[in-house]
Amino acid sequence: MADESDIINKIEQGDVEIRTGLDQAISTSSKVFAWAIFVAFLITVVEVIARYVFDSPTFWAHETTSFLIAAIFLVGGPVALARDKHIRVRMFYDAAGPKRRRALDIVNSLIALIFFAGLAYAAWVMVGKSWFTPTGALHLEGTGTSWNPPTPALLKLLVLICVVAMFIQTVFHLIDAIRRDTSNATDGGE
Amino acid sequence: MGLSALGIEYGSYLLVGAIFVLLLTGQPLAWVTGLVALIFTFGWFGPMALPLVTSRIFGFITEYSLVAIPMFILMAALLDRSGIAKSLFNGMRILAGRLPGGVAVQTLIVAILMAAMSGVIGGEIVLLGILALPQMLRLGYDRNLSIGVVCAGGSLGTMMPPSIVLIIYGLVANASIADLFIAAITPALMLLGFYVAYVLFICWRNPDLGPPMSKEEAAQESLGSALKSLSAPLFIVFVVLGSIYGGIASITEAAAMGVSAVLIIALIRRELTLRMLQDSLVHTLQTCGMIIWIGIAAAVLVGVYNLMGGNRFVAQSILGIEAAPVVIIMVMMLILLVLGMFLDWIGIALLTLPIFVPIVIQLGYDPIWFGILFAVNMQVSYLTPPFGPAAFYLKSVAPKEITLKHIYTALLPFIALQLVVLLTILFFPPIATWLI
Amino acid sequence: ADYNWTFQTSETAGEPGFVNKQKWAEDVAALSGGRIEIEILPIGSVVPHTDTLDAVGAGILQGHLTDPSYFSGKDPAFAMMGNLVGAWSDPFELLGFMASGGGNELYAELVAPYGVQFIGAAATEPEAFVSRVPIRTVEDLKGVKMRAPEGMVYEIFSKAGAAPVSLPGSEIFSALDKGVVDAADNTVFATNQSLGMNDIANYPLYPGFHSLPMIDVSMNKAIWDGLPEDLQEILTASVQQFSFNHIYSVRQLDAAAVEEANANPDIEIINWSGDERAKFRRIAQQEWQNWAPKTEMTQRYYDAVTAYLKGRNLL
Ligand code: NA
Ligand code: NA
């Protein structure tokens, strides 16, 4: 049934609009990150077997899967942005001609930059609080359990990283839109 | 600065208006909602309040009820790529037979089966969107009918127990979750019945909307070959339902059990390749990113609105109504319907239930009954624009030529059916409470 | 009002604790002659429950009424001070330790660097325990798959021979119902009864013995420091008032729920003997000793608690 799989891939890849080199890089690296989902799946199965078959539930499965899934959710943001997969109301956008669309792209990029800049500032403050105690000593915020893995501190840092990544992606989208040549196009729909 | 000078009433209008206007630019929905939330945080409370925004992001992504979503998406992606999905639909054709609209009915039956397997929405719609939608389109089914069946049927996961919506309602309202689950069964089957009846009715009036199979095609399908092609999908259903009802796995874990069942079968059928697994994982990652960031933005908006005193504003507006109790309940339903246009159900629950439930009890109504009304209302919210999670889930897997506008148009008759069910339960509470 | 504040709590709107906290806000308004108005919000309304400490310190929220264990990831002292598992069978013992055993001073010292002023401690009745199988002694815990949040509860039940399972709160009901777990650590008896927990797990253990969380009532330090002295006094006194009201109200609710459960022939309420409770407390103490050396604060807290318990002849 390999052909079936190929067809679906072709459809999905055909859908993907990669606009810049950075988007390409993020899109390619997603092939590595995506395996975290598989790891989370394996751990869940291990926990079920350990508990049901061997009556000895693990202490680490729950915290580890929660961490992996949360990380997946975050990383999914830049990946979906790189592949232009975020949901948009395209009614007016699709109706616009190349010139107007370029203008919309520029405005939208600028708006998105404000959003990501605000998020980055907030994330910066949050990371500071989860990596340092109020007295300034380095102490990674943990889950507070006996095992106490520092996953909250890591996830909060990942929020910052993903937001900064999306900021830079959007900067490139902005440059791309500004540089786009629409001199030969006539306006008013396609 | 000082957006707070507007007061909560005009603040609320500005907030909703800003989202609408910004949406029209074609900006991703998640950025629009998030940006409006960010601006209101900054403008209403000042820069020191900004960490609220990322605090809510962290809170949302670590929400345990979401853990099953990637597993269900992965299960769908694997089913689809392995060809097991095709078997399921081919096998079920014997059920569809020569009945006009038969495949749509079959899709709805698959949907309610899946609804009994999971408590969240998202996974189911993605699964049906990949499995059922292309099949129906290929068979010449009306596009609107096909989309509607997938979205409305796929949303039943939070109506049919187990349901995370009812669990959260029970926790917030301090109502018996067991009773909520029992009370939800009849309304869930009623929704299903309405959808089936609607499909059969319009296809009976105009068979072109759901063309029956030709005699030859229908004859090809022997009972034996149908059972054979159904064996693999039935095994997966058995594993998921068996691990929940057999006390082997929690509802969230059951999704992962389903993934392992799919992998085992694909391995036996020699369809499992590394490439296929890799593609399915990347697809899951990307779909999660798209869905979750919308949820993240909605969660941020709810946090800011609560801090602005939005919940008090809503409560006072309701208490200001001098009318019969049933009118107050109807106003609540109306508020839920309107909020359902903009927020996801978790946000709506956090925003309204703390205000509504005490009033409902004070008015002398049964909180279990109100919980069922809430759940049906959330069914509507999945389908209504501009923020319709069901539509987004489907859009993430539907062919590119199907736009959000197509999807929302297709959903209108199904929204009408849901509203009929909502009103019926509102005026005949025993539909919900007779089994308790 | 001169002061309009928003305080976030750790309960959903339906729980008795939330209603009592709203009542506290009304009392503060009345006692201050309307100078202070406090809006009480349910869990997760503005920030997640794990982030209220930071939010209060930053002034996003003006205060919170919450379980300190939620901040255990920042400092293990929060875990010990929030819920020293097995230590208290009666809320007045915990409150006594806070007032006269040094608890208040230690907790105030712990939160001060976060920009937070500790107003006072409250407490609830010990949490009940839901079970599908009869657990009459510590011995009976052996091998029982039970839901416990990761942390001290998890470790202590593990030491007592049970097989603790980590499950989020929203999964407890279904997991008990279907038999994924046989028992669960959940909230007070009255709430379990109204959620229908005792109908699917027929052997609740009551009165509780394992978990009695402290309720921390705190507010933003900068705002507190700017308050006139009479308002500070009013806040402090009103928290003590709240503590009494809350304990009595939960007792009343528990009593009604116990009566309801007793009327159901399927439900058997199991009450552990004093000996079993002491046996469990000694197992718990081994785990406290593991936590004590983690920081200077945890050690000081451990020393203070054991001294108090010994003085009360409870250890
Ligand atoms: Na369900
Ligand atoms: Na909606």
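Chain identifiers are assigned alphabetically (A, B, ...) following the order of the sequence lines, protein sequences preceding nucleic acid strands; residue numbering begins at 1 within each chain. The structure presented is a predicted model; accordingly, all values stated were derived computationally and were not measured.
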Of the backbone (N, CA, C, O) and the side chain (C-beta and beyond), which part of Val53(B) lies under 4.5 Å from a heavy atom of chain A, both, or neither? side chain
Top residue by heavy-atom pair count (under 4.5 Å) with chain B, among Leu160(A), Leu74(A), Leu155(A), Val107(A)? Leu74(A)
What part of Tyr121(A) gets closer than 4.5 Å to chain B, counting heavy atoms only: side chain, backbone, both or neither? side chain
Backbone N or O of Gly144(A) within a donor-acceptor pair of the Asn148(A) side chain at under 3.5 Å? yes
Let me know if Thr403(B) has heavy atoms under 4.5 Å from chain A in its side chain, its backbone, both or neither. neither
Given side chains that start at C-beta, do those of Val75(A) and Ser30(A) come closer than 4.5 Å, heavy atoms only? no
I'd like to know if the side chain of Asn108(A) and the backbone of Thr25(B) have a donor-acceptor N/O pair within less than 3.5 Å. yes
So which of Val53(A), Val79(A), Ile69(A) has the biggest tally of heavy-atom pairs under 4.5 Å with chain B? Ile69(A)
Part of Leu22(B) within contact of chain A (heavy atom distance under 4.5 Å): side chain
Using the ring centroid of each side chain, check whether His139(A) and Trp131(A) are separated by less than 6.0 Å. no
Give, as side chain, backbone, both or neither, the part of Ile292(B) having an atom under 4.5 angstrom from any heavy atom of chain A. side chain
Point-to-point distance, once rounded to the nearest 0.5 Å, from CD1 of Ile130(B) to CG of Leu394(B): 10.0 Å
With only heavy atoms counted, which part of Ile114(A) is less than 4.5 Å from chain B, the side chain, the backbone, both or neither? both
Is Pro150(A) close to Glu141(A) at the side-chain level, that is, under 4.5 Å between some pair of heavy atoms? no
Which of Phe392(B), Tyr408(B), Phe342(B) passes ring-ring contact (aromatic ring centres under 6.0 Å, His included) with Phe387(B)? It is Phe392(B)
Heavy-atom pairs under 4.5 Å with chain B are the metric here; pick the option from Phe67(A), Tyr52(A), Trp124(A) that has the most. Tyr52(A)
Under 3.5 Å donor-acceptor, Thr54(B) side chain and Ile57(B) backbone: no
What residue in Ile111(A), Leu158(A), Val159(A) has the most heavy-atom pairs under 4.5 Å with chain B? Ile111(A)
Are the side chain of Arg51(A) and the backbone of Ile248(B) linked by a donor-acceptor contact shorter than 3.5 Å? yes
Using heavy-atom distances under 4.5 Å, tell me whether Trp35(A) contacts chain B through its side chain, its backbone, both, or neither. both
So, the part of Thr287(B) with a heavy atom under 4.5 Å from chain A: the answer is neither
Region of Phe115(A) in contact with chain B, defined by heavy-atom distances below 4.5 Å: both
Heavy-atom side-chain contact between Lys395(B) and Ile407(B) under 4.5 Å: yes
Judged by atom type as modelled, is there a donor-acceptor pair below 3.5 Å linking the side chain of Thr65(A) to the main-chain atoms of Thr44(A)? no
Should the pair Arg275(B)-Asp279(B) be classified as a salt bridge under the 4.0 Å nitrogen-to-oxygen rule? yes
Against chain A, label Leu38(B) side chain, backbone, both or neither, depending on which of its atoms sit under 4.5 Å from a heavy atom there. side chain
Cut-off 4.5 Å, heavy atoms of chain B, and the answer for Ala40(A) is both
For Leu272(B), is it the side chain, the backbone, both, or neither that has a heavy atom closer than 4.5 Å to a heavy atom of chain A? neither
Answer yes or no: is there a donor N or O on one side and an acceptor on the other, between the side chain of Arg102(A) and the main chain of Arg180(A), under 3.5 Å? yes
Sort Trp293(B) into side chain, backbone, both or neither according to what part of it lies under 4.5 angstrom from a heavy atom of chain A. side chain
Within the side chain of His283(B), is there an N or O that forms a donor-acceptor pair under 3.5 Å with the backbone of Leu74(B)? no
Among residues 54-61 of chain A, which residues come closer than 4.5 Å to chain B, judged by heavy atom distances? none
Proximity breakdown for Leu104(A) and chain B, heavy-atom pairs closer than 4.5 Å: side chain
Would you say Trp147(A) and Glu63(A) make side-chain contact, with heavy atoms under 4.5 Å? yes
